[in-house]
Amino acid sequence: MKYKEEKATVNYCIKSGYTPNLLPKRSINNAFGAEYQPDVYGMALFIAEKSISKYIINFCKGGDENPLRLQTSGFKIITVDVDKPFPSIDEHTVDNSVVICAGLLERVVEPDALITFLANLSYGCNALLMATVDRERFRSTTESGPPANLSHVREWTFEEFDNLLASYRFHNYMLGYTLGENIYFKKDCIVAISGRLVYEKPTSQHQYPLKRVLAVIHCYNEQDIIGATLDFLLGQGVDIYVVDNWSTDESYTIVKKYAETYGGRITLERFPAEPSKYYEWEKQLKRTEEIARESDHDWIFHYDADEIRESPWLGVSLQEAVSFVDGRGYNSIDFTELDFRPTVKGEYEAGDALTGPLDRFEFGRRPECFNQTKLWKNIKGTAIDLAWSGGHCIQFEGKKVFPLKFIYRHYAIRSEAHGRKKVLRERKARFNQSERKEKGWHVQYDIFDDSTTFLWDADSLLTYDPVTIRREYLVELLTGINIIRSSSLENTCCGKIYFDTGSGFSEYEILQLLFNRRTNTLLQEIVLPEGTRAIRFDPVENAGCVLHNLEIISERGHEPFEILNGFIDDDGTILFADPDPQIFINISGGLSRLKLQYNIEIFSEAVSFHLVEVYKENLAVIDELKRNISDKDIVLTETNAALAGVEKAYNSIINSKTWKLTKPLRKVLDVAKSVLRRVSLLS
């Protein structure tokens, strides 16, 4: 069955006046370590594992190969080539699959059949992931086509792609941004996730009766925030059981008033029976387990007084989202942690942490932040264990975690004064030392003492907005992928190869070249696109550099080259003082591949620009010297000697370390200016 009733607009929902490229070239095969839309494949594997899928259906074009991570994943890979008739995939396979179509839609001249096929799959598969470049982020807001990337037919904006999916009646879907590649880590691609795991409202076909959810909150001295937390949970359709650990502020009184107002929706107790000198966390977690066993609620929530936990779907309450998850056959929910931080001095009004000045956050990066399964189905007769993990993760037999994470906003410290009160005076002194020693608990505040601040640099944090966060960090929120990444830029750097296949050098028909920063070496083989007339090789982006032992080798031997913005020494060493180093290679005779190898030393951007300025000064002095030589025979010998000194001193730069590079240039300038003064005196 086709869910699309009629074809989308002629240009597939792209703005009027846009010109597609109806004669696309085949895309360049990248063999240099770059992976396109890397997090889309990571997300697909994450969801496939959590949903216990058996198949991954991956769409490709022509001779494209499945990424290595798919080939070695252990799932059965079904490859669909869009250049061939679409296969018939049985219902059982679709029901147990995750579907991927990444970096493909923009390369298909007539994608109607492909989009329709994907839309149909979205109603049966666990998840369908689509990714395509965003025209505004990849190019500009005024771009009207055709795409600069000659392998692309058309490129969508975020809103246009949203309209496209809606016009083809995809199953409920979520839209956001993802990385285009793993070189520069720029979020210039749109990612859509559809399928049966994305929330849909109850219908006559899919009924999700509302489940009763109970949040168990352990509270100690949270008078400034506990009221706002209770209001939030009540508004989300969640009942509340507060376990007060003998607060010394007004927390207990505040909760008691709420319990009196809301009757059976809020229960309050003090635990343990008598006040304790120490914060005994294991006993409190065991108490939560007891409350869960005694409760007749369908789902139980281990909840803190200083947090907001919400569904990933805007406008969908926790009760509605939990009921949907229950209806899909899952019995527990994980969360992605967002740690909110105070950035300015001064107090805040009670409750403002949730709605006011605390709008800056960072993703939780501690190991326990990636396993926050604190919401589970209350299955009678099933033993549960919350204490084993310090309350971070529920454990029980038959646990099946929903593949998409929910959102956890944590407001542990609300101001400088609050941090000092909570951490230094109330928490650290009450921690159970045996729990610290034997279990490794209560160490999160060890970095704080009287000499440290509880304020963060605002520029180091992200600004929270419920709409923007779900768009910009969709992959991170739903899976945790990309929150911690061993960035390749820490150990490697990259240059670029630009190809001229008859229309000049394209900014988008390029290859990325990676070299190791530790060894400063590169050895790469380049497959030339058909019809290549020339290539431009930029050894590094936005920095000067020195290249040693550069070799460009083809089938016929060493290839000649020209350099721009640089100088070459007698021994072949090349200096690029300008932060835009370029090497040109003319291609003739039907060459099919080249091999590049070299050693490189990179200057910082500041050094590069300084070298350019000093070099310009030298050129001006040298030019003036040359003008004076013809009229001043008396200083001819001395001037020639000075010029020779200039050349010798300049060449000495080649063997200088980066931090010493400006010294020889200053010597050049001093010598040249000295000669100028003598010439001026003789005039």
Side-chain angles (χ1 to χ4, degrees), residues 12 20-38 40-41 44 55-73 75-89 97-121 128-133 135 138 145-156 161 164 178 180-183 189-192 497-503 506 508-512 525-532 535 590-594:
Y12 297 95
N21 169 29
L22 299 179
L23 295 173
K25 293 188 177 182
R26 182 173 176 178
S27 60
I28 302 169
N29 182 29
N30 182 8
F32 310 105
E35 182 181 358
Y36 297 106
Q37 293 94 32
V40 174
Y41 293 96
Y55 307 94
I56 291 180
I57 303 174
N58 186 44
F59 284 74
C60 66
K61 181 175 173 60
D64 293 353
E65 295 183 359
N66 292 315
L68 181 61
R69 67 164 79 186
L70 291 187
Q71 299 174 37
T72 59
S73 66
F75 294 95
K76 181 174 177 55
I77 309 300
I78 300 174
T79 302
V80 179
D81 189 339
V82 298
D83 289 338
K84 299 178 181 179
F86 295 130
S88 176
I89 305 176
S97 69
V98 169
V99 182
I100 309 171
C101 182
L104 192 60
L105 289 177
E106 62 265 33
R107 296 193 283 134
V108 179
V109 175
E110 178 51 71
D112 177 68
L114 171 60
I115 302 173
T116 300
F117 192 65
L118 291 169
N120 291 336
L121 289 176
L128 183 147
L129 303 177
M130 301 170 63
T132 185
V133 296
R135 187 173 75 245
F138 201 58
N149 187 326
L150 300 181
S151 69
H152 290 184
V153 178
R154 55 183 64 82
E155 295 163 349
W156 287 266
F161 197 66
L164 180 74
T178 188
E181 36 67 27
N182 62 348
I183 303 297
C189 279
I190 307 165
V191 61
I497 293 286
Y498 297 83
F499 298 93
D500 179 1
T501 56
S503 303
S506 169
Y508 295 94
E509 195 167 24
I510 62 174
L511 287 180
Q512 310 282 2
E525 188 170 322
I526 304 166
V527 178
L528 301 176
E530 185 178 352
T532 299
I535 68 172
L591 294 180
S592 61
R593 59 185 62 233
L594 291 175

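All values reported here derive from a predicted model rather than from experimental measurement.
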Smallest heavy-atom separation, Y41 atom then Y36 atom, equals CE1-O, 3.7 Å
Go through L594 and I535 one step at a time and tell me if the side-chain contact (heavy atoms from CB on, under 4.5 Å) criterion holds. CA-CA 10 Å; L594 291 175; I535 68 172; 3.5 Å; yes
CE-CG distance between M130 and L118, expressed to the nearest 0.5 angstrom: 5.0 Å
Does any part of the side chain of F161, heavy atoms only, come nearer than 4.5 Å to the side chain of L105, both counted from C-beta? yes
Taken in chain and number order and not counting sequence neighbours, the residues that satisfy side-chain hydrogen bond (donor to acceptor under 3.5 Å, both in side chains) with N66 are N58, T79
Testing the basics here: between Q37 and C189, what is the closest heavy-atom pair and its distance to 0.1 Å? NE2-SG, 3.4 Å
side-chain contact (heavy atoms from CB on, under 4.5 Å) assessment of V99 paired with F59: CA-CA 8 Å; V99 182; F59 284 74; 3.6 Å; yes
Ignoring hydrogens and geometry, is there a side-chain-to-backbone donor-acceptor pair from S73 to L70 under 3.5 Å? yes
Please verify the inter-ring angle class for F86 with F117; under 30° counts as parallel, over 60° as perpendicular, anything in between as tilted. parallel
Minimum-distance pair of heavy atoms, taken over all atoms of V133 and I190: O-CD1, 4.3 Å
Residues passing the side chain to side chain contact (heavy atoms under 4.5 Å, CB included) test with D64, sequence neighbours excluded, are C60, K61, R107
Tell me which pairs pass side chain to side chain donor-acceptor pair (under 3.5 Å) where either residue lies in residues 97-106, with sequence neighbours left out. E106-T132
Counting N and O atoms only, with roles assigned by atom type, does the side chain of D81 sit under 3.5 Å from a partner on the main chain of G62, one being a donor and the other an acceptor? yes
In this structure, are over 12 heavy atoms from other groups packed under 6.0 Å from Q71 atom CD? yes
Which atoms form the tightest heavy-atom contact between I89 and I57, and what is the distance? CD1-CD1, 4.0 Å
In terms of heavy-atom contacts, I56 and I100 come closest through CG2-CD1, 3.7 Å
Looking only at heavy atoms, what is the nearest atom pair of N21 and H152, with distance? ND2-O, 3.1 Å
